[in-house]
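Chain identifiers are assigned alphabetically (A, B, ...) following the order of the sequence lines, protein sequences preceding nucleic acid strands; residue numbering begins at 1 within each chain.
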Amino acid sequence: MSLAGAAPRRKQSPVITAEHDTSDALLRARPAALLAWYDRHRRTLPWRAPPGATADPYAVWLSEIMLQQTTVRAVGPYFDKFMARWPTVTALGEASLDDVLKMWAGLGYYSRARNLHACAVAVTRQHGGRFPDTEEGLRALPGVGPYTAAAIAAIAFSRRTMPVDGNIERVVSRLYAVEDELPKAKPRIKALAETLLGPSRAGDSAQALMDLGATICTPKKPACALCPLMQGCTARLRGDAESFPRKAPKKTGTLRRGAAFVVIRGDQVLVRSRPAKGLLGGMTEVPNSDWLPDQDEAAAKAQAPALKGVSRWHRKAGVVSHVFTHFPLELAVYVAHAAAGTRAPTGMRWTQISTLSDEALPNLMRKVIAHGLGD
DNA sequence: AAGTCGTGGGC
DNA sequence: TGCCCAAGACT
């Protein structure tokens, strides 16, 4: 690792030291330095083509959608499952939305799955099974925003554009000590990030910055000594790299409470589907009450489904706690047993407990059912 | 334009 | 433990 700290201090401008060299020469050298680092330290990931090879646009798109606000670790098995079952965008475009939701269950942000399916349908039916190869064309697809469009254009189609994700925001905001808070600083960070593009290999430049952000320029305790861009990194020189990017403190949502009802009929449990849009849109759930701040247990329990031929409700000890992005939730769980032949109320259905793993069950509902079935 | 939208892991 | 964070998009 060449740290390049041996360059002599400049005598003409005492403020600018070799370690804080922001000369034109250094700035021009950054894209190549970044790519050189990438060639040695790039992560091997399932959706990445081997060095020098062209990436499959479908794999790039699928991975980019899954990786939105989601860790590489969490995405790995889902990406493999999707690629095995639907190897092409056309195959995915011919699948049912329900099958896609089932496969996505557990990964979170379910609007992504709905948009994923809509996008595959659009590419299949309106684009002849081929992804648009321009940023503008990609941006028009469902679920493809400014970041994802730029990422696919650069990585899969070698377009000279720089996607800006959370990693790149962090790296660039430190490099230039951008004081403006996010999201106000986004346009400036985008412009600064583009200065790291060289004449070619835009996709590798972007992935290099992402890998850098994920492994070196981390949110906490960045390993600046190992960074190929350490020279002239303003935040590092100031010694407060960790304080970037600046962002307004986020408020935590208020706790909401409710009740969930696990009705067991032999080896089956009563479920229904949530409305297509909104929280957990289109996913499967057991009947449950409203989720409201300061809702007392009696009010929640009063929302139990009306069923004939069902035992009394038994409240399981404790609660199921879950944390959504914008509020925490506590659900009391009630269990009842239904006689064989008991009809499911309108809009509900019985499903085999043994095949729940195949349902489009969000993890919250997996926790609820496990709590209800447990001792 | 600020709020909505999951989940798991790290410290 | 509680809080922050992760390859953002949509409204």
Using a cut-off of strictly less than 4.0 Å between a heavy atom of the residue and any atom of DNA chain B, enumerate the qualifying residues of residues 142-179 of chain A by number. none
Which ones in residues 46-73 of chain A lie close to DNA chain B, meaning a heavy atom under 4.0 Å from one of its atoms? A:Q69, A:T70, A:R73
Boundaries of the chain A footprint along DNA chain C (any atom under 4.0 Å from a heavy atom): C:dC5 to C:dC10
Give one of base, sugar-phosphate or nothing for A:R139, where a contact means two heavy atoms less than 4.0 Å apart. sugar-phosphate
If you look at every strand shown and take non-hydrogen atoms under 4.0 Å, does A:G213 touch a base, only sugar-phosphate, or nothing? nothing
Please output the side-chain donor-acceptor pairs of residues 45-60 of chain A that fall under 3.5 Å, not counting sequence neighbours, one pair per line with the distance.
unit_1, atom_1, unit_2, atom_2, d
A:R48, NE, A:Q207, OE1, 2.9
A:R48, NH1, A:R43, O, 2.8
A:R48, NH1, A:D211, OD2, 2.9
A:R48, NH2, A:D211, OD1, 2.7
A:D56, OD1, A:Y58, N, 3.0
A:Y58, OH, A:W86, O, 2.6

Using the [atom1] atom on both, measure [N] against [M] and round to a whole Å.
N: B:dG3; M: C:dA7; atom1: C1'; value: 22 Å
N: C:dA9; M: B:dA1; atom1: C1'; value: 14 Å
N: B:dG6; M: C:dT1; atom1: P; value: 25 Å

Could you tell me the separation between the CH2 atom of A:W104 and the P atom of B:dG6, rounded to a whole number of Å? 11 Å
Rounded off to whole Å, could you give me the CZ-to-P distance for the A:F327 and B:dC5 pair? 7 Å
Please determine whether a side-chain nitrogen or oxygen atom of A:H322 lies at a distance below 4.0 Å from atom OP1 or OP2 of B:dG6. no
Can you pull out every ring-ring contact (aromatic ring centres under 6.0 Å, His included) where at least one residue sits in residues 226-278 of chain A? Sequence neighbours excluded, please. A:F261-A:W313, A:F261-A:Y334
Among pairs that include at least one residue of residues 152-210 of chain A, which meet ring-ring contact (aromatic ring centres under 6.0 Å, His included), considering only residues two or more places apart or in two chains? none
Sorted by chain and number, sequence neighbours left out, side-chain contact (heavy atoms from CB on, under 4.5 Å) with A:H314 holds for A:K316
Partners passing side-chain contact (heavy atoms from CB on, under 4.5 Å) against A:A360 (at least two apart in sequence or in another chain): A:L101, A:K102, A:M283, A:T284
The single option from A:R349, A:K367, A:R272 that satisfies salt bridge (charged side-chain N to carboxylate O under 4.0 Å, His left out) with A:E285 is A:R272
Pairs flagged by salt bridge (charged side-chain N to carboxylate O under 4.0 Å, His left out) wherever residues 245-255 of chain A is involved - sequence neighbours left out: A:E179-A:R246
Name all pairs fulfilling the salt bridge (charged side-chain N to carboxylate O under 4.0 Å, His left out) condition that reach into residues 72-91 of chain A, sequence neighbours left out, sorted by first residue then second. A:R85-A:D99
Return yes when atom CG of A:D294 has more than 12 non-hydrogen atoms of other residues, nucleotides or ligands closer than 6.0 Å, and no otherwise. no
Candidate list A:E330, A:Q295, A:E297, test side-chain hydrogen bond (donor to acceptor under 3.5 Å, both in side chains), partner A:R257, passing option: A:E330
Is a donor on one side and an acceptor on the other found under 3.5 Å between the side chain of A:S289 and the backbone of A:Q303? no
Residue pairs meeting side-chain hydrogen bond (donor to acceptor under 3.5 Å, both in side chains), one or both in residues 186-198 of chain A, sequence neighbours left out, come to A:E169-A:K186
Close N/O contacts between protein and nucleotides 1-4 of chain B (under 3.5 Å):
unit_1, atom_1, unit_2, atom_2, d
B:dG3, OP1, A:K251, NZ, 3.2

Go through the steps for A:D133 and A:R159 under the test salt bridge (Lys or Arg N to Asp or Glu O under 4.0 Å), then give the verdict. CA-CA 8 Å; A:D133 63 358; A:R159 299 289 183 178; 3.6 Å; yes
Between the side chains of A:T351 and A:E359, is a donor N or O closer than 3.5 angstrom to an acceptor N or O? yes
Between A:K277 and A:L45, which residue's closest nucleotide on DNA chain C lies nearer the 5′ terminus? A:L45
